[in-house]
**Q** 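Can you read through this structure? Questions will come right after.
Letters A, B, ... are given to chains in the order of the sequence lines, protein chains preceding strands, and every chain is numbered from 1. In what follows, every heavy atom counts, from backbone to side chain, and hydrogens, waters and symmetry copies are set aside.
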Amino acid sequence: MEYRIPKRYTITAALPYANGPLHIGHLAGAYLPSDIYVRYLRLQRRDVVFICGSDEHGAAITLRAKKEGITPQEIIEKYHTLNSRAFADFGISFDIFHRTSAPLHYDTAQAFFLQLEENGAFEIEESEQFYDEQFGQFLADRYVTGMCPKCGAAGAYGDQCEKCGSSLNPTDLIDPISTLSGTTPVKRKTQHWYLPMHNHQAWVEEWITSGRFKDIASPVVPHDASAWKQHVRGQCLSWIRDGLKSRAMTRDLDWGVPVPLPNSDGKVLYVWLDAPIGYISATRQWAKDHNKDWSLYWQDPNTRLIHFIGKDNIVFHCIIFPILLKAHGGFILPDNVPANEFLNLEGDKISTSRNHAVWLHEYLEDLPCRKDELRYVLTSISPENADSEFTWKDYQTRINSELVAILGNFVNRVWVLYHKYYNGLIQGSGDQISFHDVDLKDMVEKTYDSISQHIEQFRFRQALFEVMDLARLGNRFLTEKEPWKKQSIAPVESAHALTDCLLLTAHLGRLLQPFMPDTSKRIFGMLSDEISQLFWDEPIILKPGSQINNPILLFEKMEDDQITKQIEKLQQANQVKAEPISSTMAPLKSEVVYDDFARMDIRVGTIKEAVRVPKADKLLQITIDTGLDVRTVVSGIAEHYKPEEIIGKQVVLLVNLASRKLRGIESQGMILMAKDLQGKLYFISPEQMIDPGSDVS
RNA sequence: UGCGGGGUGGAGAAGUUGGUAUCUCGUCGGGCUCAUAACCCGAAGGCCGUUGGUUCGAGUCCAACCCCCGCUACCA
């Protein structure tokens with residue numbers, strides 16, 4: 001297949017959702033890879049725009065605002081500011097960091113929607129949706145929870161079951177509950193605009209598998225489908241094979257971009273329609289600010305569109321958004337979506353709610369000026385094709401034995417020697433120095449090719465590794481040439497070797513630019529006052545006779561106490577975990593009549609035996625004397641009570657609950673427990689020992 | 001129980017399209033002394049989870065199985 005070289009690039013990084021701060025997982029997942037890629041493209045003098053912004057709509061923000069008792073506006077202001085500063089601090093070089101609350105975005109999104117409507121892309125459907133009578137509003141997505149119809153898990157949201165990953169409609173849920181009032185919602189009729197994705201199934205599948213279209217009229221750069229990461233394609237295809245379904249593109253909410261049609265009061269665009277259009281509106285804003293034509297970046301088939309995201313966003317970027325773009329018409333489709341997998345932290349999943357994370361805004365406070373070090377480590381362990389793990393110990397090792405010992409040390413050795421023997425005056429003749437050692441020159445040239453290839457194929461980890469390899473080569477070269485020994489016997493040879501090292505350092509500086517921009521600048525600064533950036537193809541001009549600057553240490557060793565501090569911090573954070581969440585008291589349940597209550601047979605029982613259920617974290621198998629009989633109850637309290645310490649205790653249990661098998665064990669009844677705001681469980685027991693079987697009412 | 005990820009020298013990891021098994025840390029020995037006790041060389045250490053298959057050739061492809069991890073089931 002012929003692949004056309006693109007004229008320009010539109011690079012997007014996932015819009016961070018403006019209801020929380022960013023952590024290293026975000027950086028490693030989408031922002032660092034995209035930044036490396038973009039910096040590389042710029043150094044190749046390619047025409048590129050790098051787009052991002054805050055995603056500021058959706059039910060999760062309104063829910064959070066409600067919980068914290070502030071307005072959605074206050075939430076998004078806070079996190080937009082915090083996150084844009086974090087990006088700037090880590091050198092993520094967006095051309096624009098926009099936001100979906102901007103007026104231009106409203107215009108863009110509404111116009112996009114109207115065009116879709118005009119093209120007949122939607123099906124308007126009147127449907128029954130859940131409605132909370134107490135709050136007088138429809139319950140979109142996350143406003144409803146219930147049991148997942150696919151996997152049976154409790155606590156699934158209206159739009160998605162986080163347990164099994166299925167995407168859902170709120171009305172699919174079994175035993176739905178409104179998260180606003182805690183009551184069971186009623187169904188009411190409402191009208192929504194649906195995207196009949198099944199109509200697009202054929203071409204999407206074709207496009208994902210082959211990169212081609214059979215039927216498309218507009219010219220499109222055919223992308224190389226085999227260049228897509230395996231896990232990305234795999235997830236898309238499994239979604240497609242499952243059958244694409246119609247999906248509502250509007251919601252009954254008061255927070256978002258209003259549907260720009262008559263009779264649509266109280267309706268806004270679905271956040272997943274809204275957000276990707278944010279890429280487009282951000283581009284428009286950027287174009288406006290820089291006197292460019294935004295449409296070239298989204299509509300010209302010679303433009304290459306690439307979305308950098310985490311794996312949680314794959315289907316939206318690979319299926320839903322492309323469908324929207326094609327249904328709208330005139331837009332190009334993504335050429336690649338190099339989604340990363342997840343980054344774990346110290347043996348556990350990164351979790352915002354459990355505060356198990358390294359927050360970007362705290363990192364630089366704790367470890368000032370260690371920005372490039374984090375960029376280096378996160379790129380080295382980038383979860384490009386599989387989940388990977390960040391540990392502070394590994395972070396320390398990589399800094400000390402790679403950045404300090406290999407790269408920093410090499411540069412320092414060269415500078416010290418160069419000053420010692422030549423007072424920092426560049427040796428040689430002619431206009432500029434060039435390599436004397438043919439093998440070294442060869443290796444450097446090969447490395448350029450190889451790094452380019454890796455970056456173009458989104459293998460940043462490997463690319464960075466090869467830069468470091470060049471520094472290793474430098475150390476070896478220096479040791480072999482031993483100028484400190486040969487300086488007196490073979491001064492010319494020594495000068496050649498050291499000057500080669502100087503030049504090698506300049507190449508290292510250039511190659512490091514995409515990965516560690518500050519380090520690169522410092523290397524250039526040591527070489528010459530005139531170099532602040534080097535394009536990939538630019539000759540490196542170091543004039544014989546000119547003076548190099550004094551050495552500075554590029555990296556400093558990471559001491560144990562700094563690392564220990566971070567590890568402790570994480571452990572402390574884990575201990576106070578979940579407090580903010582569980583401190584919300586369970587909402588009042590709906591009223592019951594006395595008869596409902598009277599039907600429950602609740603009695604006191606004495607625990608006779610208790611053992612852990614094998615292969616279950618939470619379950620205890622408990623034998624209880626209920627007075628009537630001795631029965632087995634399986635209870636999910638193993639994280640709170642040890643089996644031996646509860647034997648002999650009296651508990652209150654519901655004895656006429658229908659029995660149910662749990663992990664193969666018949667559980668006959670349910671022990672009543674109290675749960676405090678931290679989520680800890682406590683038995684409900686009579687004040688003193690009484691007869692088993694005593695009735696509770 | 002379902003889904004996902006993974007099993008490569010002591011530890012942690014690379015390994016792109018199948019063709020001499022690589023890096024970092026650690027261990028041992030040597031060298032060097034320009035260098036942030038850093039650098040360089042060498043060595044020991046691997047049935048690349050198991051079994052079978054495809055192939056001239058498999059860590060790499062196919063099949064089955066075993067094991068580990070995460071979420072889930074594991075309901076208060």
**Q** Would you kindly give the CG-to-P distance between A/Leu403 and B/rA35, to the nearest whole Å?
**A**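 Spelled out: CG on A/Leu403 to P on B/rA35 is 21 Å.
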**Q** Please tell me which of the listed nucleotides, B/rC23, B/rA38, B/rC34, lies nearest to the side chain of A/Arg413?
**A**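 Of B/rC23, B/rA38, B/rC34, B/rC34 is nearest to the side chain of A/Arg413.
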**Q** Once you round it to whole Å, what is the distance between P of B/rC39 and CG of A/Asn400?
**A**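 The answer, rounded to whole Å, is 11 Å.
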**Q** Would A/Asp449 and A/Lys446 pass as an ion pair if we require N to O under 4.0 Å?
**A**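 Looking at A/Asp449 and A/Lys446, the cut-off is not met.
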**Q** Sticking with atom C1', work out how far B/rG29 lies from B/rG45, rounded to a whole angstrom.
**A**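 To the nearest whole Å, 15 Å.
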**Q** May I ask which nucleotide in the shown strands pairs with B/rG26, Watson-Crick or G-U wobble, both distances under 3.5 Å?
**A**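 Matched B/rG26 with nothing under the 3.5 Å cut-off.
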**Q** For B/rG57 and B/rU1, measure between their C1' atoms and round to the nearest Å.
**A**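 About 42 Å, rounded to a whole number of Å.
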**Q** Answer yes or no for A/Arg472 and A/Phe465: cation-pi contact, defined as NZ/CZ to six-membered ring centre under 6.0 Å and angle to ring axis within 45°.
**A**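 Verdict for A/Phe465: a cation-pi partner in A/Arg472.
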**Q** In whole angstrom, give me the gap between the C1' atoms of B/rC67 and B/rC28.
**A**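 My reading of the C1' atoms in B/rC67 and B/rC28 gives 33 Å.
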**Q** In whole Å, measure the gap between the C1' atoms of B/rU50 and B/rG6 for me.
**A**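 Each nucleotide's C1' atom is 16 Å from the other's.
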**Q** If you measure from the Lys or Arg side-chain nitrogens to the Asp or Glu carboxylate oxygens, is any gap between A/Arg522 and A/Asp518 under 4.0 Å?
**A**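 Salt bridge flag = no for A/Asp518 with A/Arg522.
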**Q** Roughly how far apart, to the nearest Å, are B/rG26 and B/rG10 at atom C1'?
**A**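 The same atom, C1', in both gives a distance of 7 Å.
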**Q** Going by distance alone, is a donor N or O of one side chain under 3.5 Å from an acceptor N or O of the other, for A/Gln562 and A/Gln566?
**A**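 There is no such pair (donor and acceptor under 3.5 Å, judged by atom type) between the side chains of A/Gln562 and A/Gln566.
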